[in-house]
Structure formats: C-alpha cells, structure tokens
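Reading through the structure tokens given below for one structure.
In this text, all values refer to a predicted model and were calculated from it rather than measured experimentally. In what follows, chains carry the letters A, B, and so on, assigned in the order in which the sequence lines appear, proteins first and then strands, with residues in each chain numbered from 1.
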There are 2 protein chains.
Amino acid sequence: MELDETDREILRILQENARTPFSEVARRIDMSSATVHDRVGRMEEAGVIGGYHAEVDPKAVGYGVSAFVGLRVEQGREEDALERLRDIDGVSEIHLTTGEWDVMLRVVAADTDSLRELMFEEVAEMDGFSRSQTMIILGTDFDADGPPI
Amino acid sequence: MELDETDREILRILQENARTPFSEVARRIDMSSATVHDRVGRMEEAGVIGGYHAEVDPKAVGYGVSAFVGLRVEQGREEDALERLRDIDGVSEIHLTTGEWDVMLRVVAADTDSLRELMFEEVAEMDGFSRSQTMIILGTDFDADGPPI
DNA sequence: TCTGAAACCATCACCTG
DNA sequence: CAGGTGATGGTTTCAGA
C-alpha cells in the first residue's frame with residue numbers, strides 16, 4: 001500500500017496515542033473525521049496498522065525481570081523447537097537472527113528465581129537447542145513507540 | 001498500586017485492543033462504564049498503563065531491516081555514550097544488559113546498505129564503545145502484545 | 001473527500017449500598 | 001469508598017453528494 005504524507009501524519013498521531021479521537025486527529029491534520037475514519041480503515045485492511053495496544057508496565061503485573069535469551073538451534077529441528085518455545089509462559093518475543101545466535105527471545109519473569117526456572121527447567125530441558133545465553137535487562141534507556149515515521 | 005482481578009481484566013482487554021470503547025469493556029466485565037473510566041484513570045495515574053500505541057508495520061513505512069546490536073562500553077563513558085545513541089535515527093530501543101554485551105540496541109533501517117551506514121558511520125565512529133555485534137532479524141515468530149496478565 | 005444525521009460513547013456531578 | 005445513574009456534549013460511522 002502506498003502511503004501519502006497525510007497517512008503518515010495519522011500514523012504518527014496514533015502511534016503516540018492510539019486513543020486519540022478521530023475527530024481530534026481530523027482537526028490536527030485539517031480534514032474531516034470521515035476522511036480520517038476512511039484512511040485508518042484502509043490502513044488497517046492493508047496491515048499497515050496491526051492493532052492498538054495499551055502499554056502495560058510489567059512490574060505492575062508482577063514481572064520484575066526481563067531478559068534477552070540467545071539460543072543455538074541444532075540443524076533440522078528449528079520448527080519443532082520454535083513451536084515449543086511459543087508455549088512457554090513468559091516468552092514474549094521469538095526472533096530468528098543472524099550472528100552469534102540463531103534465535104533471540106525476549107522473556108519476562110517474576111524474579112531471578114523464576115527466570116532461572118524458566119531457563120533451566122523449561123528451555124534447557126527442550127532438546128533441539130545447544131548453547132544459550134541470558135542477558136538480563138538492567139534498565140531501559142530508551143524505548144520508542146515504534147518505527148520513526 | 002494494588003491491582004485486583006477486575007483491573008487485570010481491563011488491562012487484558014486494552015492490551016489486546018486499546019481502542020475498545022469503555023462501554024464495551026464495561027459490558028464484558030459486567031460493570032458500568034463509569035467504573036471502567038475510573039479504574040482506567042487510576043491505572044494511568046499510577047503508571048500501570050504507560051500509554052496506548054498503534055502498532056505500525058515497519059515495512060509499510062520504509063524499514064525493511066531490523067536488528068539487535070550488542071555493544072561493549074568502555075569504563076566510565078556510559079552516560080555520554082548512551083546519550084549519543086539516543087540521537088541516532090533508527091535506534092528504537094536501548095537496553096543495559098548483563099552478559100556478553102553492556103548495551104543492547106534494537107534498530108530499524110531501510111535496507112542492509114543503510115544499516116551498514118548506521119553501524120559504520122554512526123555507531124562505530126562514536127568513541128566510548130569497543131566491540132559490537134549486529135544480529136539481523138530474519139523473521140519474527142512470535143510477538144506478544146505485552147506481558148502476560 | 002465532505003456533509004449531515006442517527007446511534008453511540010465519554011465524562012461528570014451526584015446518588016446508593 | 002467502590003460502584004452506579006443519568007444528563008449532556010462530543011464522537012463514530014455511514015449513506016449520499
């Protein structure tokens with residue numbers, strides 16, 4: 001889908017605050033809210049907008065620790081291995097990557113104890129993986145709302 | 001802030017779709033929308049809800065490549081180095097981590113050429129860093145809307 | 001892309017158990 | 001004091017221009 005500057009402005013506004021009323025978006029880009037409604041609908045259709053999500057503080061819901069986990073996958077067992085990872089509670093992202101690791105996870109856990117359990121009782125027990133490395137996130141210095149638009 | 005099961009249900013609904021009208025949230029949790037309005041307001045105040053964001057497909061806005069970048073920081077130069085990273089266009093997350101890397105970035109770029117520029121003309125030129133490693137994301141297998149609630 | 005209108009929703013002051 | 005009611009002004013949504 002081809003986006004013009006108007007679409008991009010709408011995206012910027014909704015990326016920053018997804019609950020901005022279309023009527024206000026319309027005011028800010030100087031168009032009618034029917035047009036905004038239209039354009040947003042088309043961008044949702046096309047998959048440009050994948051959804052709208054409340055950003056929930058992990059600590060507030062009981063997750064005190066986040067980490068990246070790099071994994072090496074044994075040849076030929078990728079699919080099976082990935083499927084089982086998806087079912088582990090606390091695994092919130094699974095990426096396939098180049099470089100030192102084949103798979104990079106993002107995980108959340110209540111505390112370091114439950115992170116250890118997650119790693120040693122769930123991930124390490126799964127076969128299909130060799131080596132892993134856990135990089136605990138000590139702090140996040142910057143976290144954009146999404147890609148720059 | 002103390003969250004009860006009602007708060008958590010509201011969070012689940014808004015994490016999945018931040019534009020759900022409070023009146024519908026109210027219907028689903030069997031309460032009045034005034035109560036939902038109230039609870040959401042309190043959770044925003046308390047920072048449990050950090051915001052609402054449209055999820056924008058990076059490819060649709062011209063970013064064909066995403067990567068994780070691990071960096072080693074030289075002793076005593078952390079603050080200065082982090083500040084300069086934040087100003088590089090395409091750097092969308094900056095995390096401090098334990099393990100092999102001191103800093104883990106998430107970056108987006110138009111293509112591999114501009115990723116190379118980003119790395120060699122911007123990051124590598126900055127002093128305060130030794131070693132770096134770029135892990136290009138070949139694909140994302142799973143991406144949760146946020147922490148499990 | 002807009003106008004206009006009906007249905008719908010957010011929000012607030014004020015009750016109620 | 002958390003939750004509900006009801007009024008009102010704003011918002012969404014859609015047909016038709």
Side-chain angles (χ1 to χ4, degrees), chain A residues 1-64 110 143-149, chain B residues 1-62 144-149:
Chain A
M1 183 192 180
E2 190 73 6
L3 302 179
D4 62 17
E5 186 49 37
T6 302
D7 290 322
R8 301 168 70 92
E9 279 190 55
I10 293 171
L11 289 177
R12 255 175 242 125
I13 292 167
L14 295 179
Q15 188 183 69
E16 204 256 332
N17 179 7
R19 284 189 75 92
T20 311
F22 290 175
S23 58
E24 193 195 322
V25 176
R27 240 172 280 138
R28 283 162 62 178
I29 66 173
D30 212 58
M31 286 195 169
S32 75
S33 49
T35 304
V36 173
H37 183 257
D38 247 50
R39 284 175 176 257
V40 170
R42 258 181 290 127
M43 290 194 282
E44 288 173 353
E45 277 303 302
V48 174
I49 296 174
Y52 306 94
H53 308 289
E55 182 193 337
V56 176
D57 176 14
K59 287 211 177 89
V61 290
Y63 298 99
D143 196 348
D145 299 335
I149 302 171
Chain B
M1 184 189 178
E2 192 71 6
L3 302 178
D4 61 17
E5 188 50 38
T6 303
D7 290 321
R8 300 168 70 93
E9 279 190 55
I10 294 171
L11 289 177
R12 255 175 241 127
I13 293 167
L14 295 179
Q15 186 182 69
E16 204 256 331
N17 179 8
R19 286 190 72 92
T20 312
F22 290 176
S23 59
E24 193 194 322
V25 177
R27 236 172 284 137
R28 284 162 62 179
I29 67 173
D30 212 58
M31 284 198 173
S32 75
S33 49
T35 304
V36 173
H37 183 257
D38 242 52
R39 284 175 176 258
V40 170
R42 256 181 293 126
M43 290 194 282
E44 289 173 351
E45 278 303 301
V48 174
I49 297 175
Y52 307 94
H53 309 288
E55 182 191 337
V56 176
D57 177 13
K59 286 210 177 87
V61 290
D145 298 336
I149 301 170

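Remark: P of C/dC12 and CZ of B/R39 are 18 Å apart, rounded to the nearest angstrom. Taking atom CZ of B/F22 as the reference point, atom P of D/dG10 lies 19 Å away to the nearest angstrom. The distance from atom CD of A/E24 to atom C1' of D/dG10 is 12 Å, rounded to the nearest whole Å. Note: OH (B/Y52) to P (C/dA10) measures 11 Å, nearest angstrom.
In this structure the side chain of B/H37 never reaches within 4.5 angstrom of the side chain of B/S32, judged on heavy atoms. Inter-residue side-chain proximity for A/D38 and A/M31 is flagged as unmet; no heavy-atom pair is nearer than 4.5 Å.
For the side chain to side chain contact (heavy atoms under 4.5 Å, CB included) with A/V40, the lone residue among A/T35, A/I10, A/V25, A/D7 that qualifies is A/I10.
Residue A/S33 has no polar side-chain atom (N or O) positioned under 4.0 Å from OP1 or OP2 of D/dT13. Regarding contacts with the backbone of C/dA10, every side-chain N or O of B/H37 stays at 4.0 angstrom or more from both OP1 and OP2. At least one side-chain nitrogen or oxygen of A/T35 sits closer than 4.0 Å to the OP1 or OP2 atom of C/dC2. Between A/R27 and the phosphate of D/dT11, there is a side-chain N or O to OP1/OP2 separation shorter than 4.0 Å. Under 4.0 angstrom from either OP1 or OP2 of D/dT5 there lies no side-chain N or O belonging to B/S32.
Nearest-nucleotide mapping onto DNA chain C: of A/D38 and A/R19, the residue sitting toward the 5' end is A/D38.
When distances are taken from the side chain of B/S23 to each of C/dA10, D/dT5, C/dT3, the shortest belongs to C/dA10. Here the nucleotide nearest the side chain of A/M31, chosen from D/dT11, C/dC12, C/dC2, is C/dC2.
Note on B/R12 versus B/E16: no salt bridge recorded, every NZ/NE/NH1/NH2 to OD/OE distance being 4.0 Å or above.
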